[in-house]
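Only a predicted model underlies this, so the values are computations on that prediction, with no experimental measurement involved.
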Amino acid sequence: QAWRQQKTQVGPQPKTGNQAPETYKPFLEAIAPGESGAKGWAAVNGMGSSARGKYQILDGTWYDNVKRYGEEIGLPNFVVQQMSQDKNGKWVFATPEAKQMVDAARVDPVLGERGALIQARTFANYLRQNLGQEPGIREMKAAWFMGSAGAVAALKADPRAPASSLGIWGKDAYTKNPTVFTRGANTPIGDVIKNYAGLSSRGGKRDGAPGVDLSQGVPIANFTTQGP
């Protein structure tokens, strides 16, 4: 079948090593209108999600990113050292001040931008390794929406299969995001990818916060996704 043939085609050879974070600026510019619209850095998701800022990054995803790359983002090392995860994977901070600094950085035009660029680089590296080709805007948007692991699964799946077959969204995600899930749980995976990719060209129209948070390795339905 055509989709199977397409899956086996050899794409461009993946690049090696990390690209400069600034490489991914065009990607962030492509997703920002669909994520935060005119609100920009002041955007707060009102659908029960922890997503914040211009690129609507979740708590768990942001904390993981800061823990790994805090100094590269621009946060002092002593702040990063006060972050840890408990046995259940929940992020904890040694002091309230440390949490305040980390949270404030997410909606800061300089630090938040740098963090988002680094998150995009993380996605690109994962996609490059697991797809065997250089990811484009389509693949990167899929990763931002459903996590890079979820994106790889979706991009390798039969595009005609229903979204529910991926097992990464809860039922509320389908009802809160009708622009993406036009047929609810039965929306073909290929359409989900296409519909989210088109959000930025729909006059800033935004659904609720779709996807799952895979940053802790535990799917949580209904929220915009980042996470490796």
Side-chain angles (χ1 to χ4, degrees), residues 1-9 11 27 30-31 33-36 45-51 55-61 64 88-90 119-120 122-124 126-133 135-202 205-228:
Q1 295 180 6
W3 71 270
R4 284 199 176 93
Q5 293 174 353
Q6 186 177 26
K7 282 173 63 179
T8 59
Q9 291 176 351
F27 162 67
I31 69 164
E35 288 290 346
S36 60
N45 189 285
M47 304 290 288
S49 168
S50 64
Y55 306 109
Q56 292 292 282
I57 299 178
L58 294 166
D59 282 354
T61 302
D64 182 74
N88 297 315
K90 181 180 179 180
Q119 184 65 56
T122 300
F123 285 160
Y126 187 93
L127 294 171
R128 194 177 292 120
Q129 292 171 1
N130 289 276
L131 294 177
Q133 64 184 52
I137 292 291
R138 173 176 174 268
E139 291 76 23
M140 290 289 287
K141 281 192 171 186
W144 205 265
F145 180 70
M146 61 187 79
S148 49
V152 168
L155 291 162
K156 289 184 174 181
D158 181 346
R160 300 166 301 181
S164 59
S165 66
L166 291 176
I168 62 174
W169 289 292
K171 61 181 181 180
D172 286 350
Y174 303 120
T175 58
K176 290 180 179 178
N177 300 280
T179 303
V180 177
F181 299 106
T182 52
R183 292 167 56 186
N186 293 319
T187 307
I189 293 171
D191 287 357
V192 172
I193 295 171
K194 180 182 69 175
N195 292 341
Y196 180 74
L199 283 182
S200 63
S201 62
R202 298 185 185 185
K205 181 178 181 180
R206 300 178 59 238
D207 287 341
V212 294
D213 181 2
L214 300 179
S215 63
Q216 312 273 347
V218 181
I220 304 174
N222 313 328
F223 301 127
T224 303
T225 317
Q226 292 88 32

**Item:** Geometric class of the Phe145/Trp169 ring pair [parallel <30°, tilted 30-60°, perpendicular >60°]
**Value:** tilted

**Prompt:** Could you give the distance from NZ (Lys194) to OG1 (Thr182), rounded to the nearest 0.5 Å?
**Reply:** 8.0 Å

**Request:** Give a yes or no answer on whether the side chain of Ser148 reaches the backbone of Tyr126 with a donor-acceptor pair at less than 3.5 Å.
**Result:** no

**Minimal non-hydrogen separation, Pro159 against Pro188, with atom names** = O-CB, 3.4 Å

**Asked** How many angstroms lie between atom CG of Asn195 and atom OG1 of Thr179, to the nearest 0.5 angstrom?
**Response** 8.0 Å

**Item:** Phe181 to Ala173 - nearest heavy-atom pair and separation
**Value:** CD1-O, 3.6 Å

**Message:** So Arg183 and Tyr174, do their side chains get closer than 4.5 Å, heavy atoms only?
**Reply:** no

**Request:** Would you give the length of the straight line joining atom CG of Asp59 to atom CG of Asp64, rounded to the nearest 0.5 angstrom?
**Result:** 12.5 Å

**Item:** Closest contact, heavy atoms only, Ala51 versus Leu58
**Value:** N-CD2, 3.8 Å

**Atom of Met146, atom of Ala154 and distance for their closest heavy-atom approach** = SD-CB, 3.5 Å

**Asked** Does the side chain of Asp158 come within less than 4.5 Å of Ile189's, by heavy atoms?
**Response** no

**Asked** Once you round to the nearest 0.5 Å, how far does CD1 of Ile193 lie from CD of Glu139?
**Response** 8.5 Å

**Item:** Spacing of Met140 atom CE and Ile31 atom CD1 [to the nearest 0.5 Å]
**Value:** 8.5 Å

**Request:** Give a yes or no answer on whether the side chain of Asn88 reaches the backbone of Lys90 with a donor-acceptor pair at less than 3.5 Å.
**Result:** no

